[in-house]
Amino acid sequence: MSKRENRLSVTWPRELVRWFEREHRPMPWRSDPSPYKVWISEIMLQQTQVVTVIPYFDRFVGRFPSFEVLAAADLQDVLKLWEGLGYYSRARNLHQAARVLVEKYKGKPPLTAAGLRELPGIGAYTAAAIASIAFGEPVPSVDGNVLRVCSRLWGLETPMRDKALADEVRARLTPLIRKVNPSHFNQAMMETGALICKPRNPQCSGCLLSRHCVAFKTNRTDELPVVEKAGIVPHYRIAVGVVWKKGRILIARRAEKQMLGGLWEFPGGKQEKDEVLDETAVREIQEETGLAVRVGVPIVTVKHAYSHFKITMTAFRCEWLSGRARPKAAVELKWILPAALVDYPMPRATRRIAEASVIRSGKS
DNA sequence: AAAACGGGGTC
DNA sequence: GACCCAGTTTT
């Protein structure tokens, strides 16, 4: 950058901050950006849109209003409030981070991004977001929105998923954020990505940055940022059993280190080649619990897409025949009344099966 | 460096 | 149905 450009210096950060201060969307954590609320919001906002987060945030903060209350809570209760939000390791890490804060930091979070970065569930983005929004530290928080805005603004061709792009963007933003309100600058960049500089059909006519934007000026907003397209994901057929015994249903708790760790589900597993689906249920239940069951009618089939595979899961009504339930793959097995299904944290697909099971059993 | 990790919104 | 989203952790 020449000396002349440097003296004139870029003015868009200040203009963008003013725009944000006028036009930003109201959010529960924006009216009171306390460290705790900012923290909860930023964890929930990882890979999750604002409109989805808001009701979860309100419930969560209502039930767990402080680091101390959260640290003292049972993980199962934390997961229950997280149910449906996904990426459950966020909830486990958040819970753990609260405990570390209370035990080793005297309940006060580190005041810098570098310090926050040490806590579980906090990576480069979240550390910078909390440090800037809650404590005013001038560090750029670089998320998917900011990568997109900056790729277009400066014509950066490094692919989105390449870590080098985030490094480049952070390096370019660092001198800029020092001249403005760091909290508002970071939020303004993300707000621009969410409302104006959208992945498709960006609203360049209403963008304060368009005068400076390489992609806009060269008509390449549809080519930047560079994104590699995802490969095809595998598809699995799953059979599970809703096993009844004396009016109770068997549920299994997944190990915490697994996918969907800590959540409860019905025992079952993947269909093998040339296997009849209801036999899959019988086999998997035997393998996972040691129980012999008589398989009955299919209750419901649900399709579900995870981030890296898809499933079609069919639940069969089963009757306990013999054996004492012992956990194999699961950490814990429990016979519960149907009315208690609602109390246990479950993955989305399992929740749908639970609802169908109770409805069916109530009618019959 | 790449893969694993959920679920919902959007076009 | 593909793509995207206020990313982090593990391998």
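Computed from a predicted structure; not experimentally measured. Just so it is clear, the values below take in all heavy atoms, side chains as well, and ignore hydrogens, waters and symmetry mates.
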Choose from C:dC4, B:dG7, C:dG7 the nucleotide whose nearest atom is closest to any side-chain atom of A:P199. C:dC4
With a 6.0 Å cut-off on the ring centroids, do A:W39 and A:F67 count as close? yes
Report the nucleotide, chosen from B:dG9, C:dT9, C:dA6, that has the shortest atom-to-atom distance to any side-chain atom of A:N93. C:dT9
Is it true that atom CZ of A:R178 has more than 12 heavy atoms of other residues, nucleotides or ligands lying nearer than 6.0 Å? no
Could you pick out which residue, A:T48 or A:N201, lies toward the 5' side of DNA chain B when each is mapped onto its nearest nucleotide? A:T48
Contact under 4.0 Å: A:H304 side-chain N or O vs B:dG6 OP1/OP2: no
Mind checking A:M27 for me? I need base, sugar-phosphate or nothing, with any heavy atom below 4.0 Å counting as a touch. base
Ring centre gap for A:W82 and A:Y56 strictly below 6.0 Å: no
Would you jot down, in residue-number order, the residues of residues 126-146 of chain A having a non-hydrogen atom under 4.0 Å from DNA chain B? none
Tell me: CE of A:M160 to C1' of C:dC4, nearest whole Å? 9 Å
Filtered N/O pairs between nucleotides 2-5 of chain B and protein, under 3.5 Å:
| from | atom 1 | to | atom 2 | distance (Å) |
| --- | --- | --- | --- | --- |
| B:dC5 | OP2 | A:H308 | NE2 | 2.6 |
| B:dC5 | N3 | A:Y87 | OH | 3.4 |

Pair A:F60 and A:F57, ring centroids less than 6.0 Å apart: no
B:dG9 and C:dT8: how far apart are their P atoms, nearest whole angstrom? 23 Å
Counting only N and O atoms by type, is there a donor-acceptor contact under 3.5 Å from the side chain of A:R254 to the main-chain atoms of A:M259? yes
Between A:G261 and A:T52, the residue closer to the 5' end of DNA chain B by nearest nucleotide is A:G261
